[in-house]
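A quick write-up on the structure given underneath.
Chain letters run A, B, ... following the sequence lines, proteins first and then strands; every chain starts at 1.
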Protein chains: 2
Amino acid sequence: MKTQSVVEDYVKVIYSHTEWQPEPITPSVLAARLGLAASSVTEMVKKLAAQGLATHVKYGAVTLTAQGTELALRMLRRHRLIETWLVEQYAYRWDEVHDEAEVLEHALSDRLLDAIDEQLGFPSRDPHGDPIPARDGTITRPVGVLLRDASEGSTGRVVRISDRDPLLLRHLEAEGITLDTDLTVIGRAPFGGGFLVRLGAHAGDATSAATGATPADLDLGDQALESIWIAAA
Amino acid sequence: MKTQSVVEDYVKVIYSHTEWQPEPITPSVLAARLGLAASSVTEMVKKLAAQGLATHVKYGAVTLTAQGTELALRMLRRHRLIETWLVEQYAYRWDEVHDEAEVLEHALSDRLLDAIDEQLGFPSRDPHGDPIPARDGTITRPVGVLLRDASEGSTGRVVRISDRDPLLLRHLEAEGITLDTDLTVIGRAPFGGGFLVRLGAHAGDATSAATGATPADLDLGDQALESIWIAAA
DNA sequence: GCTAAGATTTCGGTGTGCCGAAAACTGGTC
DNA sequence: GACCAGTTTTCGGCACACCGAAATCTTAGC
C-alpha cells in the first residue's frame, strides 16, 4: 500500500487505450506508453491480476476488471479535473497542463479534489473536451465524429481535441481552432491536396465550399484529422 | 533523481529541529521524527553527506551544509505556502492542513507554486505564524518570546503557535486563542496552580492582574506554554 | 580509570519496481 | 506441418529505502 501510484498509472493507461477505440491493449503497447521494458510490464500486469484489477490472457491482451475500471475512472477524473483547474485558476495553457496533472493526480486528497470540483462549478469536460467522470464513476462520452470521417460540406463544432501531442495543440490554437470552434468541412483538395476546413459555421456559401479553397481556408495535416472531433453545432 | 522526496523529508526535519532551538539534531531524534529505525537513518544520512547536503560527525549530530539548508528552506517555503493556500482558498482549518501539505510539497511544480504565491499576495507567514521563506531563501524570524518565558503582567499579541499538535490547535481555537490574539499574562497561580492568561490587551487593571484570577481567565497547560509565542502588540 | 547504559553503526536481509538476455510462445507463410 | 518474425514471458540482477540484531562507540557515574 505504499507506491500505489505505479498501479494507478498502469490502470489509467490500460483504460485510456480503449476510451476512443475498441481494441484492448497489448503488453507491448502498454510498455511503450509507460516508457518501460516489456518484461517489467509482464511482471506488473501479473500483480494487477493478483489484486483483481485486471485480467490477462497469457501472451495476449490486458483488460480491466470492473474494479480496475473503477480505479481508472477515479484517476481519469482526477487528471481531468486537475487539468481544468490549472487552466481556469492558474492561467496554464491547454498544452501545458498534462505533465503537472500527471504528478498531482497521485498527490491530491479526495477532500481537496472535491473542493476544487466545487470551485470549478462541477465541470463536465476538461480543456480538451474529454469528459470528466463523475464522483460515482459515471462518464458521458461526447457525441461527435473524427474530422477525418466528417462528410464534405458539413458544418460542426469542435467537441474534442486529443491531448496526445502538445505541439499539435499549440499549432491548432494558433490557427484559431480550439474547443467549441465552429467550422465547415471543405474536404480533400483534388489531386492529392490537403484536407481543408473553413472557420465558422456559415463561412462562404455552399457553391464556393464545393468549388474550392479561399485564402481563409485551413489545410490541416493528417495528425489533426485524427485528433479533432466535431459534432453538429 | 527518482525518489527525491525522501531526501527532502530528511533535510526538512533536520532543519526544522534547529529552527526554534539551537541544538543540532541527533540520529535518534531524527529517526523518531521520521518514524524510522535508527539504522535506516544512519544509512540515509551517509547518502545526504555524499550528496553534500549534510555533514555528520560519527556517533554524533547531523548538520546541514549550506546546500542542505537551501533545500530545506525551499521545502519549508513549499510546505508553508501550501498550508496557507489550503486555508485561504479551500476552507481548511489550521489544524487540518499539515498532512495534505506534507504530500503536496513534493508534488507541485515551481511554476504552480509561484502562481499560488502570487494568488495569495506573497504572504510572509503561514496560518500558524511560521515565516514563509522567500524565493531566494531569505527567512525573517518573527520576534517574540515563548509564553512560558513571558513576564507576569505583560501584554502581547500571539505571533506564532507551534503546529506540532493539531489537538492543541483545536483546543486553543476553542478557547479563543489564534494568531494575532491579544492577551495579558497573569502568571502562575500560587500553590502550584496553573498558568493564567487573560484575553485582550487591556482586560482588567494591574491590581486585579496581580491579585488573582477572574472567571474569564484561561488556565493554559504546559504544552500550550511551550507552543505559543507572543510579542509586543 | 572503569564500567554500564544508551546511542550509533554495521551487517545481512526484505519488498518493490525496474532492466536485459534468453527462452517460450503466437500467428502467418509456404 | 514446419519455419520464421515478432511478441511475450522467464530469469537473474540491480537500486532504493527500509528493517532487526549484533557490534561498536560515547558518556555519565563512581
What residue pairs, at least two apart or across chains, pass salt bridge (charged side-chain N to carboxylate O under 4.0 Å, His left out) with a residue in residues 45-72 of chain B?
-> B:E70-B:R74
Which residues share a side chain to side chain donor-acceptor pair (under 3.5 Å) with B:E102, sequence neighbours left out = B:K12, B:H98
Only counting residues at least two apart or in another chain, list the ones meeting side chain to side chain donor-acceptor pair (under 3.5 Å) with B:S154.
-> none
Is any side-chain nitrogen or oxygen of A:K46 closer than 4.0 Å to OP1 or OP2 of C:dT16?
-> no
Tell me which residues in residues 32-41 of chain A put a heavy atom below 4.0 Å from DNA chain C, sorted by number, or none.
-> A:G35, A:L36, A:A37, A:S39, A:S40
Pair B:D126-B:H79, side-chain donor/acceptor within less than 3.5 Å = no
Strictly under 3.5 Å: I want the nitrogen or oxygen pairs between protein and nucleotides 2-7 of chain D, one per line.
none

Of A:K58 and A:M44, whose nearest nucleotide on DNA chain C comes first from the 5' end?
-> A:M44
Spacing of B:L30 atom CG relative to D:dC18 atom P, expressed in whole Å | 11 Å
B:A49 meets the side-chain contact (heavy atoms from CB on, under 4.5 Å) criterion, sequence neighbours left out, with none
Qualifying side-chain hydrogen bond (donor to acceptor under 3.5 Å, both in side chains) pairs with a residue from residues 22-44 of chain A, counting only residues at least two apart or across chains = A:T26-A:S28
Mind checking side chain to side chain donor-acceptor pair (under 3.5 Å) for B:R111 and listing every partner two or more places apart, or none if nothing turns up?
-> A:E96
When you check the phosphate oxygens OP1 and OP2 of C:dT16, does a side-chain N or O of A:K47 lie under 4.0 Å from one of them?
-> no
Residue-phosphate contact under 4.0 Å: B:H56 side-chain N/O, C:dT8 OP1/OP2 | no
CG of B:L48 versus P of D:dC16: gap in Å, rounded?
-> 13 Å
Nearest-Å distance, CD (B:E43) to P (C:dG13)?
-> 14 Å
Can you tell me which residue pairs pass the salt bridge (charged side-chain N to carboxylate O under 4.0 Å, His left out) test with a partner in residues 83-92 of chain B, sequence neighbours excluded?
-> none
